[in-house]
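Presented below is the structure to which this report refers.
Owing to the predicted nature of the structure, the values given are computational and were not obtained by experimental measurement. Letters go in sequence order (proteins before strands), and every chain restarts at 1.
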Number of protein chains: 2
Amino acid sequence: MNIGQASKTTGVSERMIRHYERVGLMPPPDRRDNGYRDYSPQSIERLRFIANARGLGFSLEEITTLLGLWDNRERTSSEVKAVALAHADDLGRKAAALEAMRRALLELAEGCSGDSRPDCPILDGIAVS
Amino acid sequence: MNIGQASKTTGVSERMIRHYERVGLMPPPDRRDNGYRDYSPQSIERLRFIANARGLGFSLEEITTLLGLWDNRERTSSEVKAVALAHADDLGRKAAALEAMRRALLELAEGCSGDSRPDCPILDGIAVS
DNA sequence: CTTGACCCTGACATGATGTCAAGGTTGATG
DNA sequence: CATCAACCTTGACATCATGTCAGGGTCAAG
């Protein structure tokens, strides 16, 4: 399967497929006589794994770890779970941080008349806080 | 006030103070005879504004807009409020996306025994989903 | 005069991704 | 056969906010 087809069936851009290869997430695929990359069903499966992991917010570095575990029959599920829970924790902290910003901002905005006058507690709040 | 002192009193790194100047968020400060930057109280106030806005998650581009409004006595509070609410919306969407990832991940992790065996619904879930 | 604590500029790195340029390949159509 | 569109190749530059490092000037205290 050519890279264009691989991209279409996995939703991963050609750019990123090549990138994953460069950084070692994807093994170098077979090449046709003309030099074109040729992807096996296994490669497509791996690509999908990466795409799904990205969709869960894992970094490429974390995905390297996950793929290592995926490939390793000697893995323990506790290793996998530890990675997953650590990432879930990370997501939780980041979401909470964004929510805190949002609440602070809405609190400032609450006092703002939002009309044609220049007085604005939002600007005041940012200036002094 | 030298840049080191400005950095200490605002919590903004010297690197970023210079960066804000380069990208036009901060006006070029006065220079001493030796070429050292010399910050006025007004500059320090502006720096604090930027730092606080960053703390609320505004991008430097959004802060450019906010500073423009701050500087402009002809502004209307509705303009400011629109920027703030748009950003709050953005924050809300991003937080929700992270939370969704977290829930999906925790759901997968729930089925994982987390012991010494290799079977793991987390990896399975990432592989197929 | 030396030493340490400042300051200056410029450059490279991060992470994940887009985009563009310049070129080779292939298949179809005139 | 010539050509054109649709592929593929590699390499490079851009994004955004920030860190860090190199190589050099300045200044005050000992």
Length of the line joining A:His19:NE2 and C:dT14:C1', which is rounded to integer Å: 11 Å
Among D:dG19, C:dT9, C:dC7, the one nearest B:Asn2 by side-chain distance: C:dC7
N or O in side chain of B:Tyr20 less than 4.0 angstrom from D:dT18 OP1/OP2: yes
B:His19 (side chain) donor-acceptor with B:Glu14 (main chain) under 3.5 angstrom: no
Between D:dG19 (C1') and B:Ile17 (CD1): distance, integer Å: 15 Å
Residues touching DNA chain D, which here means a heavy atom under 4.0 Å, drawn from residues 43-65 of chain B: B:Arg54, B:Ser59, B:Leu60
Nearest-angstrom distance from the residue atom CZ of A:Arg31 to C1' of D:dC8: 10 Å
Rounded distance (Å) that lies between atom P of C:dT17 and atom CE of A:Met16: 4 Å
Nucleotide-resolved protein contact map, nucleotides 21-27 of chain C, B/S/- at heavy-atom distance under 4.0 Å: ---BBS-
Selection from D:dT10, D:dC8, C:dC8 that lies nearest to any side-chain heavy atom of A:Arg37: D:dT10
SB check B:Asp71 B:Arg46 (cutoff 4.0 Å): yes
B:Asp115 side-chain N/O to B:Arg117 backbone N/O, donor-acceptor pair under 3.5 Å: yes
B:Lys94 to A:Leu98 - nearest heavy-atom pair and separation: CB-CD1, 3.6 Å
Least distance between heavy atoms, B:Ile44 atom then B:Ala6 atom: CD1-CB, 3.7 Å
Value in whole Å for how far the C1' atom of D:dC8 lies from CD of A:Gln5: 14 Å
Whole-Å distance separating the OH atom of B:Tyr39 from the C1' atom of C:dC8: 12 Å
Nearest-nucleotide pick for A:Glu14, side chain only, options being D:dT9, D:dC8, D:dA17: D:dC8
Under 3.5 Å side-chain donor-acceptor pair for B:Glu62 and B:Thr65: no
Sidechain-backbone polar pair: A:Thr76 side chain, B:Pro118 backbone, donor-acceptor under 3.5 Å: no
Phosphate OP1/OP2 of C:dG18: any A:Ser13 side-chain N/O under 4.0 Å: yes
Sugar-phosphate, base or nothing in reach of B:Arg32, heavy atoms under 4.0 Å: nothing
Exercise: do B:Thr64 and B:Glu61 side chains pair donor with acceptor under 3.5 Å: no
Nucleotide nearest A:Lys8 (side chain, heavy atoms from C-beta), chosen from C:dG18, C:dT9, D:dC7: D:dC7
Whole-Å gap separating P (C:dG10) and CD (B:Glu21): 11 Å
Distance in angstrom units between B:Arg18 CZ and D:dT18 C1', rounded: 14 Å
Donor-acceptor pair (no angle test) under 3.5 Å: A:Arg15 side chain, C:dT19 base: yes
Reported OG1-to-CD1 distance for the pair A:Thr10 and A:Ile17, which is rounded to 0.5 angstrom: 4.5 Å
From A:Ser59 atom OG to A:Arg54 atom CZ, the distance as rounded to the nearest 0.5 Å: 7.5 Å
